Amino acid sequence: MDRLAIIGGRPLFGEAPISGAKNSALKVMAASLLTEETLALTNVPRLADVDMLLRLLEQHGVAHEFNGSSLSLSAKEITSTEAPYDLVRKMRASFNVLGPLLARERQAKVSLPGGCAIGARPVDLHLKALIAMGAEIELDEGYVIASAPNGLKGAGISFPFVSVGATEHVMLAGVLADGETIINNAAREPEIVDLADCLNKMGAKVSGAGHSKITITGVDKLSGADHEVLPDRIETGAYAMAVGATGGELTLTGAKSDLLGAALPVLIETGLEIEDTDKGLRVRKTQNRLNAVGIITQPFPGFPTDLQAQFMALMATADGVSTIKETIFENRFMHAPELSRMGANISVNGQTATVRGVERLRGAPVMATDLRASMSLIIAALAAEGQSMINRVYHLDRGFERLEEKLSNCGALIERVGG
Ligand code: UD1
């Protein structure tokens with residue numbers, strides 16, 4: 001199993017390219033199931049999660065060609081409407097093939113996604129919404145067996161709380177449904193807007209994406225389209241925090257500050273200088289220790305749960321006490337004990353972590369527990385004195401493209417060790 005060896009204490013300088021957003025790429029890729037024509041995507045990150053979804057799409061009959069970061073997908077014919085356990089369990093986003101398969105083929109058998117280290121993550125909202133749209137759904141031996149013999153129908157869906165995946169799922173199903181679907185309390189993440197843009201280029205009628213009410217007027221057929229995936233706001237925030245932890249100045253090429261939501265004012269409050277330029281986002285640290293700032297994770301435009309772990313690493317050496325409250329996932333502080341192994345002073349009480357900033361962290365062997373937690377350990381290791389060895393980096397390969405290359409080009413001492 002690969003590990004990452006990092007010798008910390010070196011500031012980062014230069015340019016780091018920001019890749020296309022994983023969480024957007026996965027959803028627009030699923031949209032390829034909705035048309036016989038070719039969906040040509042650009043700015044697609046080469047990540048383990050993207051490969052995993054490609055394997056699933058392939059077995060549904062989707063032909064694909066990757067060329068650099070361009071990916072063309074063509075689902076001329078759906079050859080199988082079954083999404084097997086082995087391909088769905090490793091990545092929850094795979095579950096979102098259910099809606100498009102049901103919309104196009106009127107039937108699907110899709111494995112329930114497995115549990116996940118950061119919490120239970122059920123799919124009840126997805127299923128209730130599809131049922132409201134006329135799907136008949138049975139659960140059998142871990143599979144969702146769904147059919148819509150007369151096709152899906154538009155419906156009014158009011159979510160009791162915000163779910164990114166369920167909002168996207170209803171969009172993917174509603175575009176080919178008969179009539180109008182209205183989603184109330186929809187997620188407002190930039191990836192939702194990106195998916196709506198892509199679907200609209202394919203001939204769909206989706207309006208209101210980015211707001212809490214989305215209206216989808218079903219059409220008979222969708223066509224192919226060209227679509228560029230938006231930049232990854234989580235990678236952007238993580239690299240900005242790496243500068244905050246190590247010092248230096250990075251230009252995050254291709255990044256956009258308006259995608260960061262509440263993370264932008266929070267990072268500025270810590271003392272980081274952040275500026276939009278022609279090339280992307282310039283991030284600079286000019287003070288010795290950053291200011292401690294408290295956060296509460298919230299759906300967009302609130303502070304993203306996907307940056308909570310990295311922010312905790314940043315606060316580990318801030319000047320003062322920071323409280324971090326996680327409201328989206330119930331078990332998302334697994335990085336806290338690992339950061340403590342590096343000398344951080346963190347106490348966790350339920351869904352709240354209190355971080356008392358220390359002057360410096362020390363390198364240590366640590367274990368990555370999930371995707372974003374892995375990045376928090378990288379940030380801490382880059383800032384720490386001495387060497388850290390980060391185990392289980394396969395989590396990282398799911399969501400951060402060419403991480404070692406990007407960081408070493410900016411002066412970090414980071415090396416992948418096999419075995
Ligand atoms: C997506 C992102 C993930 C991010 C999360 C929240 C992708 C591939 N993943 O995940 O990186 O952390 O949004 O921003 O885009 N829930 C239910 N029932 C449901 C659906 C969700 O109880 O049917 C709960 C979840 O367990 C969680 C909360 O709702 O506690 C929010 O989850 P959701 O927004 O759906 O996250 P994902 O779409 O899985």
Side-chain angles (χ1 to χ4, degrees), residues 25-37 39 49-50 52-64 73-115 121-155 157 159 163-179 181 183 195 198-199 202 204 206 216 218-222:
L26 295 173
K27 316 309 163 66
V28 292
M29 284 168 68
S32 69
L33 289 166
L34 293 164
T35 174
E36 298 163 16
E37 296 179 19
L39 180 61
D49 274 10
V50 167
M52 199 111 63
L53 183 59
L54 274 181
R55 295 223 309 272
L56 179 62
L57 292 176
E58 195 172 65
Q59 70 87 50
H60 291 310
V62 182
H64 58 85
L73 298 157
S74 158
K76 213 169 173 35
E77 199 188 332
I78 303 292
T79 51
S80 158
T81 54
E82 184 168 336
Y85 174 66
D86 259 1
L87 290 172
V88 179
R89 79 185 157 92
K90 294 188 188 127
M91 188 185 55
R92 184 177 159 85
S94 311
F95 188 68
N96 278 25
V97 298
L98 173 62
L101 289 173
L102 204 48
R104 180 160 160 192
E105 298 294 310
R106 300 189 170 191
Q107 57 166 6
K109 179 177 174 186
V110 176
S111 169
L112 285 163
R121 302 182 86 177
V123 286
D124 52 328
L125 298 188
H126 300 233
L127 297 181
K128 276 187 198 144
L130 292 173
I131 290 169
M133 295 171 80
E136 289 166 17
I137 289 188
E138 247 179 79
L139 299 182
D140 187 36
E141 296 187 349
Y143 277 82
V144 174
I145 301 173
S147 65
N150 302 314
L152 292 173
K153 308 264 175 289
I157 313 278
F159 288 125
S163 162
V164 175
T167 302
E168 289 163 338
H169 213 156
V170 173
M171 289 164 71
L172 286 164
V175 284
L176 286 182
D178 182 16
T181 299
I183 311 176
L195 176 61
C198 177
L199 290 168
M202 294 166 74
V206 180
I216 305 155
V219 297
D220 289 340
K221 213 171 162 36
L222 293 177

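Bear in mind the structure is a predicted one, so any value in this text is a computation, not a measurement.
Note that CG of L125 is 8.5 Å distant from OG1 of T167, once rounded to the nearest 0.5 Å. Going from atom CD1 of I78 over to atom CD of Q107 covers 11.5 Å, rounded to the nearest 0.5 Å. How far CG of L57 is from CE of M52: 12.5 Å, rounded to the nearest 0.5 Å. L56 contributes atom CG, which lies 11.5 Å from atom NZ of K90 (distance to the nearest 0.5 angstrom). Here CD of E141 is found 13.0 Å from OH of Y85. Values are rounded to the nearest 0.5 Å. Atom CE of residue M29 and atom CG of residue L195 lie 13.0 Å apart, to the nearest 0.5 angstrom.
When atom types are taken as modelled, the side chain of S94 and the backbone of M91 share a donor-acceptor pair closer than 3.5 angstrom. A distance-only check finds no donor-acceptor pair linking the side chain of R104 to the backbone of L176 [under 3.5 Å]. One N or O on the side chain of T35 and one on the backbone of E37 form a donor-acceptor pair closer than 3.5 Å. A donor-acceptor contact shorter than 3.5 Å is absent between the side chain of S32 and the backbone of S74.
For the pair F95 and L127, the minimum side-chain heavy-atom distance is below 4.5 Å. Counting heavy atoms from C-beta outward, H60 and T81 have side chains that stay 4.5 Å or more apart. Two residues are said to be in side-chain contact when any heavy atoms from C-beta on lie closer than 4.5 Å; I145 and I137 fail this criterion. Looking only at side-chain heavy atoms (C-beta outward), L101 and R106 stay at 4.5 Å or farther from each other. The side-chain heavy atoms of E168 and N96, taken from C-beta on, include a pair separated by under 4.5 Å. Between V123 and L112 the shortest side-chain heavy-atom distance falls below 4.5 Å. Side chains of K153 and T181 form no contact here, defined as non-hydrogen atoms less than 4.5 Å apart.
Here the closest non-hydrogen pair linking V206 and V175 is CG2-CG1, 3.8 Å. Across all non-hydrogen atoms, the minimal contact from Y143 to S111 is CD2-N, 3.4 Å. Taking all atoms of both residues into account, the shortest heavy-atom contact from L199 to A31 is CD2-CB, 3.9 Å. Considering every non-hydrogen atom in both L26 and A93, the closest pair reads CD1-CB, 3.8 Å. Nearest heavy-atom pair, A75 versus L33, reported as atom, atom and distance to 0.1 Å: CB-CA, 4.2 Å. The two residues L102 and A148 make their nearest non-hydrogen contact at CD1-N, 4.0 Å.
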Exercise. Can you check side-chain contact (heavy atoms from CB on, under 4.5 Å) on K27 and M171, steps first, answer last?
Worked result: CA-CA 10 Å; K27 316 309 163 66; M171 289 164 71; over 6 Å; no

For this session: Assess whether side-chain contact (heavy atoms from CB on, under 4.5 Å) is satisfied between V219 and L222, documenting all intermediate values.
Result: CA-CA 7 Å; V219 297; L222 293 177; 3.6 Å; yes

Problem set entry | Intermediate values then yes/no, side-chain contact (heavy atoms from CB on, under 4.5 Å), N150 and D178 | CA-CA 10 Å; N150 302 314; D178 182 16; over 6 Å; no

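Sequence neighbours left out, the pairs with a member in residues 75-86 that pass salt bridge (charged side-chain N to carboxylate O under 4.0 Å, His left out) are D86-R89. The side-chain hydrogen bond (donor to acceptor under 3.5 Å, both in side chains) analysis of residues 124-137, with sequence neighbours excluded, yields the pairs H126-H169.
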